[in-house]
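Here's the structure, in structure tokens; my notes come after.
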Amino acid sequence: EVQLVESGGGLVQAGGSLRLSCAASGFSFDDYDIGWFRQAPGKEREGVSCISMSDDSTYYVDSVKGRFTISSDNANNTVYLQMNSLTPEDTAVYYCASGPVRRVCYSDFMEEDRVYAYWGQGTQVTVSS
């Protein structure tokens, strides 16, 4: 059974940092790219960042470039999203997603959420002003 479990969310003041984790199980970690999405109240879910297991390419949406960093620990089947210089606009539920399409992440593009079949339960990030 494929499982993705996010952790690391919480309440932080503007300017602070959080590191989200996405622990994957039930599939070979090298098989599928991993994406991070977020959904704020009243807004559509948006892609934030992704990492390709094919060539380690990474992608960031413009609003988080220079502040967020995605990385993977293949030995522990975990992908991280380091979030620095957080602002209230980053407040959302953050989800990691993967599969079944092998390649969904490129250096200048990440596939829309409809392409991903496996999703975690989400972790809440709240940034206070």
Side-chain angles (χ1 to χ4, degrees):
E1 178 187 5
V2 174
Q3 276 196 319
L4 298 171
V5 180
E6 303 97 337
S7 61
L11 173 64
V12 65
Q13 288 189 331
S17 298
L18 286 172
R19 188 177 78 157
L20 305 184
S21 300
C22 173
S25 63
F27 64 96
S28 175
F29 199 59
D30 292 341
D31 282 349
Y32 307 120
D33 298 348
I34 301 285
W36 281 98
F37 293 81
R38 66 186 179 186
Q39 188 164 23
K43 294 187 176 181
E44 292 187 354
R45 187 161 55 190
E46 71 165 341
V48 175
S49 179
C50 64
I51 185 165
S52 172
M53 298 305 169
S54 299
D55 62 4
D56 293 328
S57 294
T58 58
Y59 167 86
Y60 302 92
V61 70
D62 285 347
S63 60
V64 308
K65 281 181 181 177
R67 300 188 299 122
F68 290 13
T69 303
I70 192 169
S71 62
S72 67
D73 179 352
N74 289 17
N76 291 300
N77 286 9
T78 302
V79 169
Y80 302 99
L81 187 67
Q82 177 67 42
M83 307 187 297
N84 299 328
S85 303
L86 286 162
T87 73
E89 288 69 38
D90 295 315
T91 295
V93 178
Y94 283 70
Y95 302 89
C96 63
S98 190
V101 179
R102 180 182 177 88
R103 187 72 194 267
V104 293
C105 182
Y106 305 85
S107 60
D108 58 352
F109 177 75
M110 69 181 289
E111 292 285 356
E112 295 178 344
D113 56 356
R114 61 182 175 84
V115 173
Y116 297 76
Y118 309 124
W119 291 82
Q121 81 288 352
T123 186
Q124 176 70 48
V125 171
T126 303
V127 184
S128 64
S129 57

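FYI, the numbering just counts along the sequence from 1. Here the structure is a predicted model, which is why all the values come from computation and not from measurement.
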Practice task
Mark yes or no for whether E6, through its side chain, and Q121, through its backbone, hold a donor-acceptor pair below 3.5 Å.
Solution key: yes

Handout entry: Pairing residues for Y32 by the ring-ring contact (aromatic ring centres under 6.0 Å, His included) criterion, not counting sequence neighbours
Key = F27

Problem - Closest non-hydrogen atom pair between A24 and L4, with its separation - result: CB-CD2, 3.6 Å

Exercise for the section: Check salt bridge (charged side-chain N to carboxylate O under 4.0 Å, His left out) between E89 and all other residues, then give those that pass, not counting sequence neighbours. Expected result: none

Fill in the blank from the handout: Distance col, row L18:CG vs L11:CG, nearest 0.5 angstrom, shows 9.0 Å

Completion exercise
Separation between SG (C96) and OH (Y118), nearest 0.5 Å, reads 14.0 Å

Exercise for the section: Starting from Y80, walk the hydrophobic network (Ile, Leu, Val, Met, Phe, Trp, Tyr; side-chain heavy atoms closer than 4.5 Å) and list everyone else you reach, by chain and number. Expected result: none

Practice task
Please identify each residue that fulfils salt bridge (charged side-chain N to carboxylate O under 4.0 Å, His left out) with D108, with sequence neighbours left out.
Solution key: none

Completion exercise
Rounded to the nearest 0.5 Å, the CD1 atom of I51 sits from the OG atom of S98 at a distance of 11.5 Å

Problem - Of all pairs that satisfy ring-ring contact (aromatic ring centres under 6.0 Å, His included), the ones with a partner from residues 36-73, not counting sequence neighbours - result: F37-Y116, F37-W119

Exercise for the section: Taking the side chain as every heavy atom from C-beta outward, state whether V101 and E111 have any atom pair closer than 4.5 Å. Expected result: no

Exercise for the section: State the OG-CZ distance between S54 and R102, to the nearest 0.5 angstrom. Expected result: 4.5 Å

Exercise for the section: Search all heavy atoms of S49 against all heavy atoms of M110 and return the closest pair with its distance. Expected result: O-CE, 3.5 Å

Handout entry: Non-hydrogen atoms of R67 and S85 that approach each other most closely
Key = NH1-O, 3.0 Å

Handout entry: Full working for side-chain contact (heavy atoms from CB on, under 4.5 Å) between M53 and I34
Key = CA-CA 8 Å; M53 298 305 169; I34 301 285; 3.8 Å; yes

Practice task
Kindly compute the distance separating OG (S52) from CZ (R103), expressed to the nearest 0.5 Å.
Solution key: 3.5 Å

Problem - Residue from R38, Q124, Q39 passing side-chain contact (heavy atoms from CB on, under 4.5 Å) with Y94 - result: R38

Handout entry: Closest contact, heavy atoms only, S57 versus S107
Key = CB-N, 4.0 Å

Exercise for the section: Determine, step by step, whether M83 and L20 satisfy the side-chain contact (heavy atoms from CB on, under 4.5 Å) criterion, reporting the C-alpha distance in whole Å, the side-chain angles of both residues, the deciding distance to 0.1 Å, and the verdict. Expected result: CA-CA 8 Å; M83 307 187 297; L20 305 184; 3.7 Å; yes

Problem - Within one Ile-Leu-Val-Met-Phe-Trp-Tyr cluster: V61 and L81, side-chain cutoff 4.5 Å - result: yes

Problem - Over all atoms of both residues, closest heavy-atom pair of C50 and G35 - result: CB-CA, 3.9 Å

Problem - Nearest heavy atoms of V93 and G122, plus distance in Å - result: CG1-CA, 3.9 Å

Handout entry: Any residue meeting side chain to side chain contact (heavy atoms under 4.5 Å, CB included) with A117, in chain and number order, not counting sequence neighbours
Key = P100

Handout entry: Transitive ILVMFWY side-chain link Y95 to V115, under 4.5 Å
Key = yes

Fill in the blank from the handout: To the nearest 0.5 Å, atom OG1 of T91 lies from atom NZ of K43 at 9.5 Å

